[in-house]
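Contents: one structure, followed by commentary.
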Number of protein chains: 2
Amino acid sequence: MTESGPGRDPAAVSRFVEGFAAQLVEAGMQRMPARVFAALLASDAGTLTAAELGDQLKVSPAAVSGAVRYLAQQHMVSREREPGSRRERYRVHSDQWYETLTNRESILKRWAAALGEGIRSLGPETPAGRRMAETLAFFEFIDGEIAAMMERWREHRDELFP
Amino acid sequence: MTESGPGRDPAAVSRFVEGFAAQLVEAGMQRMPARVFAALLASDAGTLTAAELGDQLKVSPAAVSGAVRYLAQQHMVSREREPGSRRERYRVHSDQWYETLTNRESILKRWAAALGEGIRSLGPETPAGRRMAETLAFFEFIDGEIAAMMERWREHRDELFP
DNA sequence: TCTTAACTTCACAAGATTCTGAAAAAAGCG
DNA sequence: CGCTTTTTTCAGAATCTTGTGAAGTTAAGA
């Protein structure tokens, strides 16, 4: 339930954090980044400090540091320096983080590059070459479609959350 | 007997297999399934036997067995019994395997389920709940779009490879 | 039915990851 | 500047993963 006062049920938060993190792990994400990310997603402000993360997840500052570095590299969180403090805050941009999922362009592009090289070295007219060419065409098609899809999403979002 | 056609350079095949597998690994796939899959993708017939896979990849039958089981579960390859032999052949369907990439529905659905539970337990009107609701809406939107996108792909493919 | 090829399962060793504690580095503040 | 708080780095221990060898299971052919 929605609570005010001393706040939210820490047990409920923890259940969500661990459950969602587990799903992310299953999809290939490392455990600690997944937990840190889920904790940020479940925070009311959308930001937490390193100390809060370490405290809530019961891990060392070192682990938080490593996880946050990874998440920042993936553009899933950003770092903000709090004015008037030496603390750093880590933020999840609710309307942007999941766009990084579709920005796995880098991955599609690397797959495409590896396939292109395979086609070239095995020969485009060999059976294997043709099979790989079809796969490559698929990746290129998807790559083009995703931008349009995200544009439609933003319109759709603006209707849902005006 | 499966003949590697004339002019097919085993070293070139191996380079592709290891390179493409490395990209798959980077995207979260286990190493052995990735190598087995890449080997199938690069095979001329689109099929290989367990013995051929073990031989080409220099791994034990046990490793092949585990990798193939995983790939079959993910519907990335299918198993065929060779008539008149006790061998099994493993096949990649060139025009279908990559559709499994978009069929990670299961993953989207599980993420959505975890988010839905989080929204319910933290409260849909809390800031965290609203953030999660937007993410959930995104996943639901994507889920709907993907089917349409794949339909467009099939049309596109039929133009490219009539 | 028996034999034997082919695949699968399982315990374990080798290897890779991941997190911690401790020390170093960076950065605000007087 | 020097003190203090916060973050980062790094070596190493604990934990997981992964592939192997060997035994076990299944199924084709005689």
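This one's a predicted model, so the numbers in the text were calculated from it and none came from an experiment. Per chain, numbering begins at 1; letters A, B, ... match sequence-line order. All heavy atoms count here, side chains included; hydrogens, waters and symmetry mates do not.
Taking atom CZ of residue A/Arg86 and atom C1' of nucleotide D/dT8, one finds them 17 Å apart after rounding to whole Å. When the C1' atom of C/dA6 is taken as reference, atom CZ of B/Arg79 falls 12 Å away, rounded to whole Å. As rounded to whole Å, 14 Å separates atom P of D/dT6 from atom CG of A/Leu53. To the nearest angstrom, P of C/dG28 lies 16 Å from CZ of A/Arg89. One atom, CG of B/Leu71, and another, P of C/dT8, lie 12 Å apart when rounded to the nearest Å. In this structure, B/Met32 atom CE and C/dG15 atom C1' are separated by 13 Å, rounded to whole Å. Rounded to an integer number of Å, the gap from B/Asp55 CG to C/dA6 P is 13 Å. We find that CG of A/Leu48 is positioned 16 Å from C1' of D/dT7, with the value rounded to whole Å.
When each of B/Thr47, B/Thr49, B/Leu40 is paired with B/Tyr90, the side-chain contact (heavy atoms from CB on, under 4.5 Å) condition holds for B/Leu40 and for no other. Of the residues A/His93, A/Arg89, A/Arg91, the one that meets the side chain to side chain donor-acceptor pair (under 3.5 Å) test with A/Ser78 is A/His93.
The side chain of B/Pro61 approaches C/dT8 more closely than any other nucleotide in the set C/dT8, D/dA28, D/dT6. Between D/dT5, C/dA27, C/dT8, one nucleotide has an atom nearer to the side chain of B/Tyr90 than all others, and that is C/dT8. The side chain of B/Glu88 lies closest to C/dC7 when the candidates are C/dC7, C/dT20, D/dG29.
A donor N or O paired with an acceptor N or O is not found under 3.5 Å between the base of D/dT18 and the side-chain atoms of B/Arg31.
Between B/Arg69 and C/dT9, a side-chain N or O to OP1/OP2 separation shorter than 4.0 Å is present. An OP1 or OP2 oxygen of C/dC19 is reached within less than 4.0 angstrom by no side-chain nitrogen or oxygen of A/Arg35. Within the structure, a side-chain polar atom (N or O) of A/Arg87 is placed less than 4.0 Å from OP1 or OP2 of D/dT6. Within the 4.0 Å cut-off from OP1 or OP2 of C/dT17, not a single side-chain nitrogen or oxygen of A/Gln30 is found.
A/Ser85 comes within 4.0 angstrom of the backbone, heavy atoms only, and of no base. Across all strands, B/Val64 comes closer than 4.0 Å to no nucleic acid atom at all (heavy-atom distances). At the heavy-atom level, B/Ala62 lies under 4.0 Å from base atoms of the strands shown.
A salt bridge links B/Glu99 and B/Arg154; the closest N-O separation between the charged side-chain nitrogens and carboxylate oxygens is under 4.0 Å.
Taking the six-membered ring where the residue is Trp, B/Trp153 and B/Tyr98 present perpendicular rings, their angle passing 60° and hence far from 30°.
A side-chain donor from one of A/Trp97 and B/Thr135 sits under 3.5 Å from a side-chain acceptor of the other.
The residue among B/Gly66 and A/Arg81 whose nearest nucleotide of DNA chain C is located toward the 5' end is B/Gly66.
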